[in-house]
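Taking it in order: structure first as structure tokens, then the write-up.
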2 protein chains.
Amino acid sequence: MVSVTTWNINSVRLRMPIVADFLKQEAPDILCLQEIKCEEHLFPYDAFRALGYEHFAVHGQKGYHGVGTVSRIPIQEYSRHDWQANGEARHVGVELAEGPGKGTVIENVYVPAGGDIPDREQNPKFGQKLDFLERMTRWADGIERPTLIVGDFNIAPLESDVWSHKQLLKVVSHTPLEVETLQRFMDAHGWSDIGREHIKAPERYYSWWSYRSKDWRKGDRGRRLDHMWASPELARQATAHRVLEDARSWEKPSDHVPLTTEFAL
Amino acid sequence: MVSVTTWNINSVRLRMPIVADFLKQEAPDILCLQEIKCEEHLFPYDAFRALGYEHFAVHGQKGYHGVGTVSRIPIQEYSRHDWQANGEARHVGVELAEGPGKGTVIENVYVPAGGDIPDREQNPKFGQKLDFLERMTRWADGIERPTLIVGDFNIAPLESDVWSHKQLLKVVSHTPLEVETLQRFMDAHGWSDIGREHIKAPERYYSWWSYRSKDWRKGDRGRRLDHMWASPELARQATAHRVLEDARSWEKPSDHVPLTTEFAL
DNA sequence: GACTGTGACG
DNA sequence: CGTCACAGTC
């Protein structure tokens, strides 16, 4: 069995105390973090080692973005794409280096948020987000090995992925254009949406609640921005999937919560 | 009996938890804070009221400096000098409004730090500090009522007020020029240095330890920058004086510790 | 609302 | 080392 967690941590240095709590409690084999917000040499390697996580693939930059994959089973860095070709650290890929599942690829990605206005002309960041997804789509077309891609996709595709489909139709993260673009990425490889295989629509499923409200539970205005997608054959080996909503209430929380999937490898 | 505390708090909003602890523990009648670092409308009045302190004289500004006098016995704002005439909030004066000691004046002051280089030409801030003290000296010359002046004077006048007289002779806060300038202020009214009346030189007496060292106790590199000076007749009524060095070890401490004097009024 | 870096100030 | 302000991002 191999378990994998994805978590947009919104500063790994600031959040290391709750990351440690999470690892002690949930003990996934592999933890994929997004928005680590630090350069690679400032990543808290020692704190992870002290918890038994001794394998790393970190793609960081100063201040913004950045992803890091941390593991207690051997992994090997496999790829590091810059799909925007602008130097931003938004992806790192690893493969399982030993044991059952050896060669399985785990891609950790942080898709651009896309700014406020869902219009390429008025808001270049929205265009960048779509372009990023389209380049990922072309890349996915050539995937030949069993692959798990996880991370903050910054898109909530289904109606039951948001607290109000109607009120979010023109809000970046849930616009039809983004949803279609994400669908093309899905089709390019035939990804299986593990989250929705285990928590079927139309059941409510969120992974993010804004900081901009006193009580995140009040109104439950969440969105499912974080995802775990697998190649079809790998998806069939997923035996369990959990969303740790409680983490949104922890001390100094991230605005995202961790998602975990177990695989019978 | 009336007890008065002076404490450079280095942000009253950030430090309110330890201020509350202090008031519960020491319960002075009057608390004079410096470096409150907030505008008046952001001063935590309610937190003080909840502790039984319902009388205030606050002179604040955005971000820097600022002084506030908080009392559980009636006080009345008396003066608010701008000795530099540059709009900085560095002084507020009150008088006891009722009971024994009615009319006694308590001045709360935050003398400019003076920058790094002890030279007017190279460092205008050093000149401003001296000018500030000289204007206070002219003001002190006209004092006619029993007065207590407390606060962060940013000068450690005596050899035993610093961890190394020799090593600090050219360090702003202990230069001969500052010490002479402070002495002229003392002479202008005949102030009595209550701290040194109770803890006589050459006994070690510090009220500040820099943040710039891991362990403030290591080497004990302190300075006596905070003072409580009284008119001669008032000084004779001072019955006790304490320095709460422990406060330097509290959770998220200020770099200054509170000084308290009791008066038999 | 909460994070980052920066720069000023101590 | 540690505070605040500011601007940028999400």
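Chain letters run A, B, ... following the sequence lines, proteins first and then strands; every chain starts at 1.
- In this structure, a donor-acceptor pair under 3.5 Å is absent between the side chains of His91(B) and Trp83(B).
- Phosphate proximity of dC10(D) to Lys125(A): present, with a side-chain N or O under 4.0 Å from OP1 or OP2.
- Looking at Arg212(B), its side chain comes within 3.5 Å of the base of dG10(C) through a donor and an acceptor atom.
- The side chain of Ser210(B) contributes no N or O atom lying less than 4.0 Å from OP1 or OP2 of dC1(D).
- Here the side chain of His65(A) is nearest to one of dC3(C), dC10(D), dG10(C), namely dC10(D).
- Listed nucleotides: dT3(D), dG5(C), dC10(D). Nearest to the side chain of Arg13(A): dG5(C).
- When the nearest nucleotides of DNA chain C are assigned to Asp255(A) and Ser11(A) by heavy-atom distance, the more 5′-ward of the two goes with Asp255(A).
- In this structure, Gln34(B) and Asp226(B) have side chains that are in contact, with non-hydrogen atoms separated by less than 4.5 Å.
- Of the candidate nucleotides dC1(D), dT3(D), dG8(D), dG8(D) has the atom lying nearest to any side-chain atom of Tyr64(A).
- Between His256(B) atom NE2 and dT3(D) atom P the separation is 13 Å, expressed in whole Å.
- The aromatic rings of Phe48(A) and Phe43(A) lie parallel to each other, their planes meeting at an angle below 30°, with 60° marking the opposite boundary.
- Of the candidate nucleotides dT4(C), dA5(D), dG10(C), dG10(C) has the atom nearest to the side chain of Ala113(B).
- Distance from the side chain of Lys214(B) is smallest for dC1(D) among the nucleotides dT3(D), dT4(C), dC1(D).
- The phosphate of dG2(D) (OP1 or OP2) has no side-chain N or O of Lys37(B) nearer than 4.0 angstrom.
- Here dG8(D) presents its C1' atom at 12 Å from CG of Asp116(A), a figure rounded to the nearest Å.
- Ring-plane geometry between His174(B) and His165(B) is classed as perpendicular, the angle between the planes exceeding 60 degrees on a 0 to 90 degree scale with a lower cut at 30.
- Of all nucleotides listed (dC10(D), dG1(C), dT4(C)), dC10(D) comes nearest to the side chain of Tyr110(A).
- Of the candidate nucleotides dT4(C), dA5(D), dG1(C), dA5(D) has the atom lying nearest to any side-chain atom of Lys62(B).
- Taking the side chain of Asn10(B) as heavy atoms from C-beta on, and the options dC3(C), dC10(D), dT3(D), the nearest nucleotide is dT3(D).
- Residues Ser254(B) and Trp208(B) have side chains that never bring a donor and an acceptor to within less than 3.5 angstrom of each other.
- Of the candidates dT3(D), dC10(D), dC3(C), dC10(D) carries the atom nearest the Glu35(A) side chain, counting heavy atoms from C-beta on.
- The shortest distance between the side-chain N/O atoms of Arg15(A) and the OP1/OP2 oxygens of dC3(C) is below 4.0 Å.
- Distance, Leu42(B) CG to dA5(D) C1': 13 Å, rounded to whole Å.
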